[in-house]
Protein chains: 2
Amino acid sequence: MEQVSKNDGKGLIKSVQKSLKILKYIIDANEDVALSDIQKALDYNVSTIHHLLKTLIEEGFVSQNKTTKRYYIGPEIFFTWLRGRRPENYFSRVTPILEECVEATGETTNLFIRDNGEALCITGSESPKTLRAFLRIGRRIPLPCTAAGKAFLINYTREELKNYLKDTTKDLISLEEELKISRQRGYTLEINEYEEMITAIGVPVFDRNGRVICTLSTIAPSTRVDEERIEFISNKLMDASKKISELMLGVFY
Amino acid sequence: MEQVSKNDGKGLIKSVQKSLKILKYIIDANEDVALSDIQKALDYNVSTIHHLLKTLIEEGFVSQNKTTKRYYIGPEIFFTWLRGRRPENYFSRVTPILEECVEATGETTNLFIRDNGEALCITGSESPKTLRAFLRIGRRIPLPCTAAGKAFLINYTREELKNYLKDTTKDLISLEEELKISRQRGYTLEINEYEEMITAIGVPVFDRNGRVICTLSTIAPSTRVDEERIEFISNKLMDASKKISELMLGVFY
DNA sequence: TAATCCTTTTCAGATTATGAAAATGCTTTT
DNA sequence: AAAAGCATTTTCATAATCTGAAAAGGATTA
């Protein structure tokens, strides 16, 4: 009678499932995790967790800090992004989504990850127009005064924001207010703020936990964007963000 | 009496260990793998493999192509490289090694992954000198006529080389001969070959299976490098390569 | 239509993972 | 300095789970 979800446990290996949930927990954590953290989060027996962790360590998927005893992501997945042998590798999957965006809006669009308290541009696609904002992969930009950077902060609390305001002229209250508006409409704005004559629209990309894992931004000469255009571009960006999220949720092929 | 290696199986969860070996096999494969491939490689019972794969799929670490039935890397680790929240994230670990290299040699040094039959520059560090080769992260360069590119081909057979010679003037025999020499001395060379007045030295970075997962190259104005200098730079590059390999083997903390 | 090959499912039995509890190690408190 | 507190690690008997042979299912070829 009761219609269960497609896989209600039949044929699945419990110990493996547990180990993978532990692995996910460690991957998603912002810092090294203690065994007791895992115990609290997943409610498995500490002994079970310990055995599973030992196995994960043995195979290189998890590492342990010898002094703090805490666990963190192991080398085996740490450098997965470097393994670029396959034709359908990581960059190849994401970049076409940005290219689509550029085709629709005509403006340069980039993808940023967070690295050392800055936003780092790791891929993108350039506007075909003669007058255009340049794509600069590898460039680092600050978080609190750029569209892509602000998108990383979109869900931040006042406490967290304080850390990123040391080197800027921005004050806490105005940024907080701005992020609140951004949160509501779904995108961040940067109008002649970080660079003169440049307007940028930023959008966060969320993982399955609703946390920002990377951001997208479209940059254009300010003369080419009015309110209507911002609306149009932000919609395209949000579409792209959804597509990247979907990729991460496993909607391949 | 017999001194066994630190972990001869005690306390390790066998099913988890098997599942992780399967996962590694899939991560390392050049193409989608069949269940029978895994069976041949690891010699587990097909039923066991199937159950483990089902669990890996359920948790998102492996995906399956519905039409070919073949297995490939799942979303859960697919986008691990995008998760840049942690302070010690992926780029932050590698880039300092390149910076060290630049400090020693004074020349621009970059890291490349393979992407779509080209070498893609994903990070690097720039020479501090006034006359310098520019770092261009995001730039794509061909495999058979650049130092970084040739480093990817260093262990290639004649058959594999043929695929990469379609668009170039290079002939098979001379490239094969050049790679043979490169293999022996440990680095590749590109002297005024892809760009005029530019000399580059390339070095592969190996994974635990001895396969090239990324390459490093130092580029400099040709006027600044003689044989002795090439020797010096290549040594520094090989040191950096070893360090990155070690990172991947889990020698953290 | 039969044969071949590969994937998927079944199920009973045997191995293996589990969890309570104890031990160990480290830090804080008295 | 001793003891309490807290977290990780180990132990071990037993219950639960994984394993693997075999069969079924599905797709392609002869």
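Chain naming here is simple, since letters A, B, ... match the order of the sequence lines and numbering starts at 1 in each.
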Checking A/E160 against A/T157: is there a side-chain donor and acceptor pair closer than 3.5 Å?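 The answer is yes; a qualifying pair exists.
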
Return the 5'-most residue of the pair B/L53, A/L52 with respect to DNA chain C, ranking by each residue's nearest nucleotide.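 The residue closer to the strand's 5' end, by nearest nucleotide, is B/L53.
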
Could you give the [atom1]-to-[atom2] distance, from [X] to [N], as a whole number of Å?
X     : N      : atom1 : atom2 : result
A/H51 : C/dT16 : NE2   : C1'   : 11 Å
B/D37 : C/dC6  : CG    : P     : 9 Å
A/R70 : D/dC6  : CZ    : C1'   : 13 Å
A/D43 : C/dG19 : CG    : C1'   : 12 Å
B/H50 : C/dC11 : NE2   : P     : 16 Å
B/Y44 : C/dT15 : OH    : C1'   : 16 Å
A/N45 : D/dT14 : CG    : P     : 18 Å
A/K66 : D/dA7  : NZ    : P     : 22 Å

Check whether any side-chain N or O of [X] sits under 4.0 Å from OP1 or OP2 of [N], and answer yes or no.
X     : N      : value
B/K54 : C/dT9  : yes
A/Y71 : D/dT9  : yes
B/K18 : D/dC18 : no
A/T48 : C/dG19 : yes
B/Q17 : C/dT16 : no
B/Q64 : C/dT8  : yes

Closest nucleotide of DNA chain D for A/L35 versus for B/K69: which of these residues is on the 5' side? A/L35

What does B/S36 touch in the nucleic acid at a heavy-atom separation under 4.0 angstrom: a base, only the sugar-phosphate, or nothing? sugar-phosphate

Is atom CD of B/E103 surrounded by more than 12 heavy atoms (other residues, nucleotides or ligands) closer than 6.0 Å?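 Counting neighbours around CD of B/E103, 12 or fewer heavy atoms of other residues, nucleotides or ligands fall under 6.0 Å, so no.
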
For the side chain of B/S47 and the base of D/dA21, is some donor closer than 3.5 Å to an acceptor across the two?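 By the distance-only test, yes, there is a pair.
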
Ignoring hydrogens and angles, tell me if any N or O in the side chain of [X] forms a donor-acceptor pair with the backbone of [Y] under 3.5 Å.
X      : Y      : value
B/S125 : B/T109 : no
A/H50  : A/V46  : no
B/T55  : A/I13  : yes

